[in-house]
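To start, the structure itself, in structure tokens.
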Amino acid sequence: MIALEVTPSGGVSQRLLRFILLFSLCFTLLASAVQMYFEYQREMSNIASRLELIRNGYQASIERSVWDLNRNQLEVQLQGLVDFPDITWVRLSSNDFNITHGSKLELESVQVDQFPLSFQVENQAPRALGTLEVGIDIAAVHRRLVASGLTNLLWMGLFICGLAITLSWLFYRLVTRHLLAMAEFSRKLAKGQWQQPLQLDKTLNSVEDEIDAVARALDEMRQAIVEDRRRSEADRITLQGKKDELLRMVERRTASLYRAKEEAEAANLAKSRFLATMSHELRTPLNGILGMAELLHEATVGELPQRRLGALQKAGEGLLALLNDLLDFATLDSGEARASSVEFGLRELCEQVFTLLEPNAHANHNRLQLTIDPRLHSNCVGPEQFIRQVLTNLLANAIKYTEHGRVHLHVELLGWEDGNQRLGFAVEDNGIGIPEAIQTHIFERFVQADERVGGAGLGLAICKHLVELMGGEITLQSREGEGSRFYFELCLPITRQALSEPANSQPAQSIASLHVLVVEDVEINREVAQGLLEREGHRVTMVDDVVPALEACQRHLFDMILLDEHLPGGSGIGVCQQMRQDPQGLNQNTPIYAFTASLQPAMVQRYLDAGMRGVIAKPVQLPGLRQALADVAQCKPAGPDQAALDSHVLETHQQLLGNKKLEHLLALLQTSLQQADGLLDALAVLDYPEIVAHSHRLASSSQSLGARHLADTLHTIEAAAEREDGPACTTAREPLRLLLQHTAAAVSAARNKLMDL
Ligand code: ADP
């Protein structure tokens, strides 16, 4: 790209002018030098021809005059020579004459030519007469040359300057000013002044010259730009129109999507409410059936009734599982389904599923076969419910679509991964099989190979979801008319504890007897809960609504509370929050479990947020209940009614002092306990003298009323403070706080008891 900069001071015309002048000067100098050279040659040849003329025309007459001694003649002749141009003087030197004519000049500027003179008389030898010297003025020749050279130089210079100026002016007129006009035009184009065409101050010839061609090209470019802009403007307007239309469309769609979303959310809410209600409504009677069956189990004797009861229980549990499946199905899609990990016996699980499905197998004349790899460990930890459901679904299908055949569940140990066993589960049958065309999407919802057979087409979709949730993948091999094989693999950790016993035959472990408050409005549920808890050896207080529950909690310290969510006078969550927020309440820290059939993940989260420790799902299942009881018993500090106050000491005081006096003493102790915050503060800042004083005082009053555990703890803290043992004091603070609470609760319970008497 050539950057053309046209400025008035350094314009092309001026540059052209400078070039012409320089060139002309050089040329003029050269020409003048050549011309002077030729002039010089001409002058020198003139001088030579004059000398030749003297030699040929004058020399003989001068020799004659010298021979004749004719001085006058000689004078005239010599004067004639001096009159020749450029001859400045002549001198004749002979024996008789010495004549000089003309003015003598400096030798440097004069060229001297000598002519020897002689005369010959007839028949005699020539006789030398003397010398004629001619002085020629060379300086004059030089001056003439210089003058003519300078004159030439001057004229040529003048001529060339004139020519150069004229040429430059012409160049400016013809080219430069048009170039400047075109540059200005381009600048205007760049500024966006497209409309004005290019006009040059020049008459148009019939034949277009180069300037016209460039100007025309520029103007065509302008017209192309104008056209292009017109087109883009038109496109822009069209595009803007389309964009506006699109925006309106997006707005319309957004609005309708928003409406659809709100409708969907409303529908979803309605669905959740429906599910919650159905869940509650279905589980409540089921709770009754299962609970009663559980209670009857113990009372019933005889193998057949026991087996029938077992089958009833299994059927109920199956129904419960099915109900759970249906209710959970909505959450499967949204990814909310969670697999709770429990300890279970894999062999027992398989056997239970088989027992449950036995009647169906009989009805279809199928033979059920269970093969469990003897190498595998039956006691596993994992999502038992999910595995049970997947196996039940697959086996139920296999039985359903097979007649007079064989259904085989094969569980195989494939290997070990990080201490977990990798198990392969295969459910095989030799039934009707599944057509190849359907096999690829058989795990999709509502897909059925044969719609004449009952079913919703959900079972396999649920299986696929559940197996994937457990980290596996379910596959199918089938041939129409020959049978099917469903297969998946799972990785399950094992437990060390043996779970070979049926879960509901005996308590899993013996735990301390607990005092449990059950808050439940439905009578049958109350009876079931009471029956189960008492059978497990626990003390139960039953209430049916919010107010009696709160009253009971003011009077007694419970080890555990089972709280129904839906109560006539309010919600379980509300009751729990009230208890947790009451610092004076006896049961502020008592473990509370939601005793409910509303098990949606969002609800469970709300129970936990309200301060509950967990959920005991209705219909109540003994393993879950036992687990919760064991957890509570394990975490329970020395119970107020067991260790916080020594009952023997209290009984002795009661006998010696009487109820009133003892109650008064207990009230004093309760006040001291409630004022023990000072001790806790002192422990927090390690104020040793304060700790010693407080703990000593409180220890002696606790000791005298049988709060031995507290007294021992206070003595230990007192000793630590005396040693100024900071870490021991700091670690003792939190257990002491809990112990103070429990002792206060025990004191309060003992007072209530005394007051009731
Ligand atoms: P359904 O409630 O219809 O049984 P599933 O999702 O459990 O729904 O099964 C989907 C379809 O897959 C069934 O309708 C049946 O056609 C086919 N199917 C499932 N298991 C088998 C099997 N073991 N043998 C033959 N067909 C089967």
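Read the numbers this way: they start at 1 and go in the same order the structure lists the ligands and their atoms. By convention here, the first residue in the shown sequence is residue 1. Just so it is clear, the structure is predicted and the values come from calculations on it, not from any experiment.
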Any donor-acceptor N or O pair under 3.5 Å, side chains Glu489, Tyr487: yes

Side-chain donor-acceptor pair present, His515, Thr541, cut-off under 3.5 Å: yes

Under the salt bridge (charged side-chain N to carboxylate O under 4.0 Å, His left out) test, residues paired with Arg375 that sit two or more places apart: Asp373

Charged N-O contact under 4.0 Å between Lys464 and Glu468: yes

Ligand 1 contact on Ile434 by region, counting heavy-atom pairs under 4.0 Å: side chain

Residue-ligand contact Gly431/ligand 1, heavy atom below 4.0 Å: no

Ligand 1 atoms in contact with Ala398 (distance to a heavy atom under 4.0 Å): 23 (N)

Any N/O pair Ile432/ligand 1 closer than 3.5 Å: no

Phe443 and Phe486 aromatic ring geometry - parallel, tilted or perpendicular at 30°/60° bounds: perpendicular

Any N or O of Ala461 closer than 3.5 Å to N or O of ligand 1: no

Which segment of Asp429 sits under 4.0 Å of ligand 1 when only heavy atoms are counted: side chain

Lys/Arg-Asp/Glu bridge criterion (N-O < 4.0 Å) met for Glu523, Arg526: no

Ile442: numbered ligand 1 atoms lying under 4.0 Å from its heavy atoms: 11 (C), 12 (O), 17 (C)

